[in-house]
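Heavy atoms only: backbone and side chains are in, while hydrogens, waters and symmetry mates are out. Everything quoted here is computed from the prediction, not taken from an experiment.
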Amino acid sequence: MDWQQRQRAGAGLHNLGNTCFLNSVLQCLTYTPPLANYLLSREHSQSCRQQGFCMMCIMEAHVNKVLHSSASAIQPWTVVSVLTRIGEHFQLGMQEDAHEFLHYTVDAMQRACLSGSSDLDISSQATTIVHQIFGGFLREDFVKPEQLDGENCFKCSKCDKMVATTKRFTIHHMPKVLTEYLDLRPYTSQTAGEPLLYALYAVLVHSGGSCHAGHYFCYTKASNGLWYEMNDASVDGRGIDTVLRQQAYLLFYVRNCLKKMTEPQRRLQEQP
């Protein structure tokens, strides 16, 4: 999934008081190609009928401001001001877990696409742009098989008895964006076929002893194909070698439609 517009990296994000977790996640989302393409088109706000809080409208405004700003850094108040709407337990001034904030933010965007309704059937939920970008159906097919026996025995729906079995998760429907793998073919429902290649486009790094303390920053690949270190208000160019040396907290990959691996992808595949 490629960018529709090519430019250098946009603005950095000022830290508004322990908001490095938020800044890092927002930057990774801003440089998620299919999401950015959609938000830059302003298609959502032109048809949005949501009353009050709408995470998609907020993200649309934020991404457009970051990528079109002439300033070196902006204050992300658009998102910070609705922190408790994204997750009730989030508090301004408190360090939060970046992975948890990512999860709640994507969920809030999905709810916005569903006009606030969460009780729609699965097929309806799967039609949103957020689900098309981030969603993947997980099948619990009886990744690594797990043995279920003893106290963990599985209750058979046919005979209504507790039986020993094995369980494993496989990915049935491939999303455009992931935060984990590169070649997912071995973990899919259908293991035969061409490799399902995902190209790295963002790395979120955490330094410190706890996810609720320390500091978060990230590396993102801009639409011009170059990598940048984004550390709150600072945005500095970096080489791929620097990116690959990081102890990542979260890795972001986007589906690569090319048949062959690029050299950086091949080097990532060979990482222990």
Side-chain angles (χ1 to χ4, degrees), residues 1-3 6-13 15 20-37 66-67 73 97-103 106 133-134 136 143-144 171 174-188 194-211 213-272:
M1 180 63 72
D2 207 357
W3 288 84
R6 295 189 179 277
Q7 62 186 69
R8 71 177 304 278
L13 302 177
N15 193 314
C20 60
F21 73 95
L22 176 145
N23 289 347
S24 299
V25 168
L26 289 180
Q27 293 289 37
C28 290
L29 290 175
T30 297
Y31 294 93
T32 298
L35 179 63
N37 286 339
V66 168
L67 296 181
D97 177 22
H99 181 264
E100 184 180 22
F101 178 70
L102 171 64
H103 172 77
V106 172
I133 294 172
F134 294 100
V143 260
K144 182 179 179 181
I171 297 173
M174 303 308 300
K176 291 185 177 70
V177 172
L178 288 172
T179 58
E180 295 182 65
Y181 307 103
L182 184 59
D183 180 9
L184 284 183
R185 176 60 72 187
Y187 304 97
T188 63
E194 293 286 336
L196 293 170
L197 301 181
Y198 283 76
L200 183 71
Y201 71 90
V203 176
L204 195 150
V205 181
H206 174 259
S207 59
S210 165
C211 62
H215 183 61
Y216 290 100
F217 60 100
C218 66
Y219 294 83
T220 62
K221 188 178 184 180
S223 60
N224 60 4
L226 300 179
W227 283 90
Y228 296 85
E229 178 183 324
M230 300 192 166
N231 193 338
D232 287 332
S234 300
V235 177
D236 299 297
R238 294 288 185 264
I240 185 64
D241 289 338
T242 299
V243 177
L244 298 182
R245 286 197 299 266
Q246 302 305 309
Q247 294 293 317
Y249 185 62
L250 290 173
L251 296 172
F252 294 77
Y253 292 90
V254 66
R255 181 81 176 268
N256 189 351
C257 297
L258 298 177
K259 294 293 184 181
K260 296 181 179 180
M261 280 188 181
T262 63
E263 182 58 29
Q265 286 177 300
R266 186 176 293 106
R267 289 164 62 187
L268 278 168
Q269 184 72 38
E270 294 171 352
Q271 295 294 308

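Residues L13 and L22 have side chains not in contact (no heavy-atom distance under 4.5 Å, counting atoms from C-beta outward). Residues L244 and V203 fail the side-chain proximity criterion, which asks for heavy atoms closer than 4.5 Å. In this structure, W3 and N37 have side chains that are in contact, with non-hydrogen atoms separated by less than 4.5 Å. Taking the side chain as every heavy atom from C-beta outward, T242 and Y219 approach each other to under 4.5 Å. Contact check for L200 versus Y253: side-chain heavy atoms found under the 4.5 Å cut-off.
Summarising the geometry, atom OH belonging to Y216 is positioned 8.0 Å from atom CG belonging to L250; distances are rounded to the nearest 0.5 Å. Of the inter-residue distances, the one linking M230 atom CE with T30 atom OG1 reads 8.0 Å to the nearest 0.5 angstrom. Considering CG of L204 and OG1 of T220, their distance stands at 10.5 Å, rounded to 0.5 Å. Atom OH of Y31 sits about 14.0 Å away from atom CZ of F252, to the nearest 0.5 Å. Of the inter-residue distances, the one linking L67 atom CG with R8 atom CZ reads 11.0 Å to the nearest 0.5 angstrom. Taken from CD in Q246 to CD in E229, the straight-line distance is 7.0 Å, to the nearest 0.5 Å.
A donor-acceptor pair shorter than 3.5 Å cannot be found between the side chains of H206 and D97.
Counting all heavy atoms, side chain and backbone alike, C28 lies closest to T32 at O-OG1, 2.9 Å. For the pair S223 and R6, the tightest heavy-atom approach, listed with the atom from each and the gap, is O-NH1, 2.8 Å. Heavy-atom minimum distance, V235 versus A11: CG2-C, 4.0 Å.
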